[in-house]
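For ligands, and for the atoms within them, numbers begin at 1 and follow the listed sequence.
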Amino acid sequence: MGPKLIVGVYPGTFDPITLGHLDVIRRSLKMVNRLIIAVVRSNSKNTTFDSAERVRLIQDSLAEWGLDIEVASFDGLLVDFARARGAQVVFRGLRAVSDFEYEFQMALMNKKLAPEIEEVFLTPDQSYIYLSSSLVKEVASLGGDISAFVTPSVERALEAHFSLRDGK
Ligand code: COA
């Protein structure tokens, strides 16, 4: 028997992807042979970008970082997607204590639904601890500089989104 192929999934809404997410992606890659970024098509979040745009922004951002990774979108349960893709591991970023309860609940539920899948939590680099997609959007909507938080393609997409909205 050859060495085991470890497949990981990194799920999220990614509305849009930030440098914090990319940091988690880069670190997850050290632990798996194959990583799939899984973009949830719809959840309770009212997203700024539709799922096709969120996927494209991830692909463009990965290309800017020189990474070649599969990006897929999914509906339904994360564990069903992970199983269908033969993944053994799900990665999540854990930024602050405030993330813990929500993540803990989801991890326990996922474990009940799919005991064979392991969830791995990574703490982002400390420069990204305070980052979130909503905060980045808020700063962008008010004309602030977001270049330290997102890739150039996401920066352009947010600028375009908010200048359309503001009729500029
Ligand atoms: N750096 C920067 N920001 C980060 C981050 C990191 N490393 N990790 C998370 N975030 C931020 C995101 O920007 C986002 O910010 P926002 O709330 O301001 O938009 C927030 O943390 C969490 O977003 P994200 O990582 O995209 O995940 P999510 O919580 O939106 O996604 C799913 C949750 C997709 C994993 C979950 O909805 C899911 O599994 N859905 C499928 C249905 C299912 O299986 N349900 C049962 C689950 S028990």
Between Tyr102 and ligand 1, does any nitrogen or oxygen pair lie at a separation below 3.5 Å?
yes

Looking at side-chain heavy atoms only, is the closest gap between [X] and [Y] below 4.5 Å?
X      : Y      : result
Phe149 : Val154 : no
Lys137 : Thr48  : yes
Val40  : Ser73  : no

Please report the interatomic distance [atom1]([X]) to [atom2]([Y]), rounded to the nearest 0.5 Å.
X     : Y     : atom1 : atom2 : answer
Asp75 : Ser51 : CG    : OG    : 8.0 Å
Thr13 : Ile17 : OG1   : CD1   : 12.0 Å
Ile25 : Ile37 : CD1   : CD1   : 3.5 Å

Pick from Ser42, Pro11, Gly20: the one approaching atom 6 (C) of ligand 1 most closely through a non-hydrogen atom
Gly20

Need the ligand 1 atom indices (1-based, order shown) with element for anything under 4.0 Å from a heavy-atom of [X].
X      : result
Phe14  : 26 (O)
Leu131 : 2 (C), 3 (N)
Met109 : 48 (S)
Leu78  : 39 (O), 41 (C), 43 (C), 44 (O)
Val24  : 7 (N)
Asn110 : 47 (C), 48 (S)

Looking at ligand 1, does [X] have a heavy atom less than 4.0 Å from it?
X      : answer
Gln105 : no
Arg92  : yes
Ala38  : no

Considering only the protein, which heavy-atom contact is closest to [atom], and what is its distance?
atom                    : result
atom 46 (C) of ligand 1 : Leu77 CD2, 4.0 Å
atom 16 (P) of ligand 1 : Ser134 OG, 3.2 Å
atom 37 (O) of ligand 1 : Asn43 ND2, 3.7 Å
atom 30 (O) of ligand 1 : Thr13 OG1, 2.5 Å
atom 11 (C) of ligand 1 : Arg95 NH1, 3.2 Å
atom 15 (O) of ligand 1 : Ser133 N, 3.5 Å
atom 41 (C) of ligand 1 : Gly76 O, 3.5 Å
atom 23 (O) of ligand 1 : Lys45 NZ, 3.4 Å

Set out, in order, the CA-CA distance, both residues' side-chain angles and the distance that settles side-chain contact (heavy atoms from CB on, under 4.5 Å) for Val136 and Val150, then state yes or no.
CA-CA 8 Å; Val136 168; Val150 295; 3.8 Å; yes

Assign the ring pair Phe100 / Phe104 to parallel, tilted or perpendicular, where the plane angle (0 to 90°) is split at 30° and 60°.
parallel

Within the 6.0 Å centroid threshold, strictly below: His161 and Phe49:
yes

Linking I/L/V/M/F/W/Y whenever any side-chain heavy atoms sit under 4.5 Å apart, do Val7 and Met31 land together?
no

Charged N to carboxylate O below 4.0 Å: is that the case for Arg92 and Asp99?
no

Lys/Arg N to Asp/Glu carboxylate O, Asp50 vs Arg54, below 4.0 Å
no

